[in-house]
Colleague: 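Below is a structure I'd like to ask you about.
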Amino acid sequence: MQTPFRPVPAHPDFPAQEHAILELWRERRTFARLRAQNAGGPRWSFLDGPITANNPMGVHHAWGRAYKDLFQRFHAMLGQDQRWQNGFDCQGLWVEVNVERELGFTSKRDIEEYGIAEFVSLCKQRVLTFAARQTEQSIRLGMWMDWNDPHELRRLRDLLADDPTRVITVDGPRGPVTDTVEQIVGRLGMPELGGSYFTFSNENNYLIWSFLAECHRRGWLYKGHDTMPWCARCGTGISQHEMAEGYQEREDPGLTVRFPLVERPGEALLVWTTTPWTLTSNVAAAVGPALRYVKVRQGEQLYWLGRGTLKQALEGPFEVLEERRGADLVGWHYGGPFDDLPAVQQAFAASPDADGGPYEHRVVAWDEVGEDEGTGIVHIAPGCGAEDFQLGRQLGLPVIAPLDENGVFVPGFGSFSGRDVREVAEPIVERLRKSGRFYRVAPYLHRYPHCWRCGTPLVFRLVDEWYISMGPVYDQPRETLTREQVDASLRYQIMEVVDQIRWIPGFGYERELDWLLNMHDWMISKKRYWGLALPIYDCAACGTVTVVGSREELRERAVDGWEQFEGHTPHRPYVDAVKIACPGCGAPVERIQDVGNPWLDAGIVPFSTLHYREDPEFWRRWFPADFITESFPGQFRNWFYSLLAMSTVLRREPPFRTIFGYGTLYGEDGRPMHKSWGNAIEFDDAAERMGVDVMRWMFANARPEDNILFGWHAADEARRELLVLWNVFAFFMRYAGLAGWTPTGGAPDPARRPVLDRWILSRTAGLAAGVRERLEDVDVRGAATLISAHIDALSTWYLRRSRRRFSRHADEADRAAAFATLQRALVDLARIVAPILPFLAEEIYQAIAVAADPAVPDSVHLTRWPDGELAGLRDERLERAMGTLLRAAELARGLRAQAGLRLRQPLARLWVALPGGDLPERDALLALLADELNVREVALIGDESALVERRVKPLLPRIGKRLGSQIPAIMAAARANAVEYLPDGAVRLAGVTLAPDEVEILATPRPGTAVAHDEGLVVVIDTTLTDELRAEGDARELQRAVQDLRRDAELELDEPIELWIEAPTAVAERLAPYLGRLAAETLAEAVHLSAPPPDVAAVEVELDGGRARIALRRWFGEASR
RNA sequence: GGGGGAGUAGCUCAGUGGUUAGAGCAGCCGUCUUAUACACGGCGCGUCGUGCGUUCGAAUCGCACCUCCCCCA
């Protein structure tokens, strides 16, 4: 048999290899065969959190998707059956905003003029475009999922644009499926079509309907009337969940105005605001009842403001005239900033005071008022702020709501009516100047909420929105709640579900509970176009609210418009056409126009993708998911929350058992990736320039609970580590090829191989068990750390010490053992790294395992986890002994360096004192040490040798508590070695007797000897150099120089040479005994002890015995002279 | 304003009461090597954010303060 092993490049092109592997997997249908192989095995249920199909995926997505792929591959190697379903998040404002941008739209009016049906279709098309793109990118990442053909997704997109009603037939896993284009798109991810799930699917939408109907049945769904954060550009309310994502620094005008007091002529309140437009709707001024307020004089003017705000609020000199508590100011009336506006007058008239007259502006008390900013007097506009609204409701204040849904002033606001809220700051300041209400304006930098999608600063607006009630918060510890209390409050029910889940890292558990305890009711409506059509029918005539739970129910209740909807997916505008009969009064009722919160879409997937309705048995098999993983930031209030809430409502059980969360990906400079900062890296660039395995290795080594800093330098570091593994592999390929080695027999049984072989195989067995244990515990970094240590051991100890065994000079049986061992170690290492580094593992496995044995599985990913097969090779005693040896080598190298004796210079002797006096397999191990350290003999010494002395190390954790203040004296005695050894093994230090188990006895060097020590291990080198040793050192030096020349001449490894050595006679004589070996090592067919011919380049070598010149050239079959 | 986390070498971070605080990277110096621009080793005088306390002993525990980040208001 010819050797199957061929040299591989020393500098691999990882991206090119990865493309070749992708092609190999495609040709051999490897993934499909893996699924078939594991079908019917024990189940491992992974639930993919949907990725938003709205843009190409970024490197931050790759981090999470590397984890997802890693765990799926690992569990596949354990033989577990999986669903392998990827998910795309499809509906919601993020898609709308991008489509609007492409069309150049700036408002909802543009969309309505364009046509909602066409707009919604474009949203679907955008999703299909990027689902196709992300599918390709994920495949490039090596992610194995039941992918749709990206070309098919693009074809569906084009058909949708062309004619959604066209009937087509597509191939599905169970045969051809015929339907309209629109319906085929709506059925993507369903069993008959396979592939990724899409949250815009009919099933997803209708299941949310049934969830909402259930909420309504239990009385948790309601319409709220409140002042909400609102995006004027998007024309929609922003939920509490979304608010948190949009805080940004922003500069606003910090405007201070005077409110003249009615009962105190000549005096005015000073009030500060950063939102001038809200002054149009002012109804009150709030003071902190417990704060101190002062009256100050500035020129002719008299002002009231908080005592603690004088410096920041006033401009110019002032004189304090009077001081009062805030409570004393309450009830004072003042003239408002815009009393002439009809809207103000109407609102005040509609809210009469106790005397029956219209409401008047007044000072009110509010505990939340502070003195950190402004004037200590807060302007209150209940129609323009959430807290203002709450306060206004408590005090019965009138509400003035100035804005329409586009942020434009409604009629009744004089010249402001019809103007955009973003444009009125200047005119308002102008009006205030003219009316004498202006005091000062100064730019003010603060964190202000912005729309998380389009970046527009939010305003607050009085609106109707739909909510799911979270239930009461009880002011008592959770464990004291009664069953009735929990049954009455959804939030505590969710908490009980959260209790049953393993959160990794652990702080996730507290975070989620904290969120649940603090969260407000869940706002689920959005006044937009593309998304879940909320199945809510709010009868204007009698107020009855109906929530429709399914398509069938809608059909039954429909009294009008069904034929317009028939054949369409449950999206706007078609579903809007259907009217139902109000069960309260019989009147026809339209659906509310709102669409749903997109987290409803993602939260229902443990039900929709597992066919909760149409295949309960299937659902029961795969629910709950064993594992989900996503980036932590944000998801406590988003996906995790919606999963938990929906599963609690529908089943009151956890939708997943274990959740693994990770942090945020930043650029290498520690800042968020940002194109204009130059620290952004696109996924495609990263994949093609660093390779995805390098990326995956970086991710595997990251601490998931921290943020990761991602960049080209970090990638270089990761690649260097992989190159060490590659070099070991390349070494094997080159030498196995050179030796013509074949794996067919010849090698002794592993148990009878030399100690190095048994050691590396034991380490490999330990690695397989250790990595399995780490990955089962969801500790990728721990697994990666074990792998790194193993690669280091394989390269810098096993291979370095074994290299000669692979050469032509080695003993035949030993060489066979070495090749067989290294092959086995590499194949099994490839299997162990396969989940993390699927491409590199495959590359190595194909070259070393498949090429050598057609009977093995033809992909590393079709093999099983190797720990079971390897367990018999484990020898932990040997591993510990080798550990001691490695430490001895390290100490001895340090001694050589100190003594200025380089490794090439042989030494006569090395003395070693071993901890415990001996080692298993001592002779073989010490021979390795002699070889590594280039010493002729290793001699054992006892620890009572004259070279060392005993020292006592008291074990502080054991004696600290007992001995307390005597410790310093004991430690001083130990340092001075003032110790008395007692016959029973105890010792006396500073008059105190310490038991044998309270101290450690160390052998340490006596001062002044060339020794090194470490926990009972002592190493001593003999620094005496004889002439003979020097001569051998010279020979080694010369050999080194010849090898360098060979390299410079770019000779092949097996190309013979002829060699010239020109040296003084004395030097030549010293070298004579070593020339045979020199010739053998350097493949010199002829060695001339003479000057080289003039046409051959020579170099000088500095030897201990004098200077020599050497030269070589390729051997052509006979000597030159 | 409340809650949580962090602050340790030039950079990124370990270090849960034990006396002498470490690793990786970068830098410098060396070494090894037909695995050939691979690899290995050595080199660290750090106000352990600041102050006060507890203790025989504090980076570690407590209190106060400063700075940054996150979550919630």
Side-chain angles (χ1 to χ4, degrees), chain A residues 7-8 10-11 240 243-244 247 367-368 370 372 386-387 505 507 510-512 514-515 517-520 632-634 636-637 663-664 666 668-670 701-703 705-709 711 713-714 716-718 720-721 723-735 738 785 788 791-792 795-797 799-800 802-803 806-807 889-898 900-905 932 934 953-972 974-975 1036 1039-1040 1042-1055 1057 1081-1083:
Chain A
V8 297
H11 301 283
Q240 183 200 3
M243 271 271 278
Y247 275 92
D367 289 332
E368 300 296 310
D372 292 344
E387 291 173 320
F507 66 76
E510 282 88 28
R511 276 255 193 111
E512 190 64 47
D514 183 65
W515 166 255
L517 193 63
N518 289 304
M519 86 162 286
H520 302 170
F632 261 2
F636 293 100
R637 59 174 181 273
T664 305
Y666 289 121
E668 205 150 37
D669 52 4
N701 279 285
R703 296 163 51 80
E705 64 271 36
D706 282 353
N707 300 322
I708 186 172
L709 305 187
H713 292 102
D716 284 342
E717 253 180 66
R720 267 215 300 283
E721 218 174 341
L723 279 176
V724 175
L725 171 57
W726 180 266
N727 281 332
V728 176
F729 163 64
F731 177 95
F732 174 86
M733 294 301 284
R734 178 175 237 175
Y735 282 85
L738 272 180
T785 303
S788 288
I791 292 174
D792 189 60
S795 169
T796 65
W797 191 247
L799 190 55
R800 191 144 57 88
S802 299
R803 270 183 34 211
F806 294 95
S807 77
E890 198 178 309
L891 292 171
R893 275 194 299 260
L895 287 176
R896 289 191 76 118
Q898 272 171 31
L901 294 166
R902 53 187 168 191
L903 215 42
R904 246 172 279 150
Q905 173 61 59
E932 166 73 11
N934 195 16
K953 179 185 172 191
L955 298 173
L956 282 164
R958 297 223 180 126
I959 64 171
K961 281 230 171 67
R962 179 161 77 84
L963 296 171
S965 60
Q966 293 170 284
I967 296 282
I970 293 169
M971 296 308 290
R975 270 195 295 275
R1036 291 273 302 253
Q1039 180 182 323
R1040 170 93 293 277
V1042 175
Q1043 301 291 26
D1044 279 347
L1045 270 184
R1046 284 190 61 111
R1047 181 181 59 193
D1048 294 345
E1050 296 182 346
L1051 296 174
E1052 293 298 324
L1053 282 178
D1054 51 354
E1055 241 173 327
I1057 57 168
E1081 290 288 331
T1082 60
L1083 301 190

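Numbered from 1 within each chain, the chains take letters A, B, ... in sequence-line order.
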Colleague: Please classify the nucleic acid contact of His11(A) as base, sugar-phosphate, or nothing, using heavy-atom distances under 4.0 Å.
Modeller: sugar-phosphate
Colleague: Report the nucleotide, chosen from A73(B), A39(B), A35(B), that has the shortest atom-to-atom distance to any side-chain atom of Thr796(A).
Modeller: A39(B)
Colleague: Which residues pass the side chain to side chain donor-acceptor pair (under 3.5 Å) test with Glu932(A), sequence neighbours left out?
Modeller: Arg800(A), Arg801(A), Arg893(A)
Colleague: Between G51(B) and A59(B), how far is it from one P atom to the other, in whole Å?
Modeller: 13 Å
Colleague: May I ask you to say what Leu799(A) touches in the nucleic acid, namely base, sugar-phosphate or nothing, with a heavy-atom cut-off under 4.0 Å?
Modeller: base
Colleague: Determine the Euclidean distance between corresponding C1' atoms of G57(B) and U16(B); express it in Å to zero decimal places.
Modeller: 16 Å
Colleague: Take atom P in G62(B) and the same atom in C72(B), then report the distance between them in whole Å.
Modeller: 27 Å
Colleague: Taking only residues two or more places apart in sequence, or in another chain, which ones meet Arg803(A) in a salt bridge (charged side-chain N to carboxylate O under 4.0 Å, His left out)?
Modeller: none
Colleague: Side chain of Ile967(A) only, please: which of A73(B), U33(B), C56(B) is the nearest?
Modeller: C56(B)
Colleague: Nearest to the Val724(A) side chain among C32(B), A39(B), A35(B), which nucleotide is it?
Modeller: A39(B)
Colleague: Applying a 4.0 Å non-hydrogen cut-off, can you work out what Tyr735(A) is touching in the nucleic acid: base, sugar-phosphate, or nothing?
Modeller: sugar-phosphate
Colleague: Could you check whether Ala969(A) gets within reach of a base, just the sugar-phosphate, or nothing at all, counting any heavy atom under 4.0 Å?
Modeller: nothing
Colleague: Mind calculating the distance between CG (Leu903(A)) and P (U33(B)) to the nearest angstrom?
Modeller: 7 Å
Colleague: Go through C32(B), A35(B), A73(B) for me and flag the one nearest to the Arg803(A) side chain.
Modeller: A35(B)
Colleague: How far does the C1' atom of A14(B) sit from the matching atom of A21(B), given to the nearest Å?
Modeller: 10 Å
Colleague: Holding to salt bridge (charged side-chain N to carboxylate O under 4.0 Å, His left out), I want the full list of residues that pass it with Arg902(A), two or more places apart in sequence or in another chain.
Modeller: Glu1037(A)
Colleague: Taking side chain to side chain contact (heavy atoms under 4.5 Å, CB included) as the definition, give me every residue that meets it alongside Ser807(A), ordered by chain and number, with sequence neighbours left out.
Modeller: His809(A)
Colleague: Name all residues meeting the side chain to side chain donor-acceptor pair (under 3.5 Å) criterion together with Ser788(A); count only those two or more places apart in sequence or in a different chain, and write none if there are none.
Modeller: Glu721(A)
Colleague: Quick one: which protein N/O atoms are closer than 3.5 Å to N/O atoms of nucleotides 20-29 of chain B? Pair and distance per line, please.
Modeller:
none

Colleague: Classify Leu1083(A) by what it touches in the nucleic acid, base, sugar-phosphate, or nothing, heavy-atom distance under 4.0 Å.
Modeller: base
Colleague: Distance between the C1' atoms of U12(B) and G41(B), in whole angstroms?
Modeller: 23 Å
Colleague: Mind checking salt bridge (charged side-chain N to carboxylate O under 4.0 Å, His left out) for Glu717(A) and listing every partner two or more places apart, or none if nothing turns up?
Modeller: none
Colleague: Picking from A39(B), A35(B), C71(B), which would you name as closest to the side chain of Asp514(A)?
Modeller: C71(B)
Colleague: Using the side-chain heavy atoms of Arg1036(A), tell me which of these nucleotides is nearest: U33(B), U31(B), A35(B).
Modeller: U33(B)
Colleague: Could you give the distance separating G10(B) and G53(B) at their P atoms, to the nearest angstrom?
Modeller: 29 Å
Colleague: Say we look at G15(B) and U60(B): how far apart would their P atoms be, to the nearest angstrom?
Modeller: 14 Å
Colleague: Mind checking Asp792(A) for me? I need base, sugar-phosphate or nothing, with any heavy atom below 4.0 Å counting as a touch.
Modeller: sugar-phosphate
Colleague: Dot-bracket for RNA chain B, please, read 5' to 3', with Watson-Crick or G-U wobble pairs under 3.5 Å on both distances, ( ) within the strand, [ ] crossing, | other strand, . unpaired.
Modeller: ((((((((.[[[[.)..(...]]]].(((((.......))))).....[[[[[..)....]]]]]))))))).
Colleague: Not counting sequence neighbours, which residues clear salt bridge (charged side-chain N to carboxylate O under 4.0 Å, His left out) with Asp716(A)? List them please.
Modeller: Arg719(A)
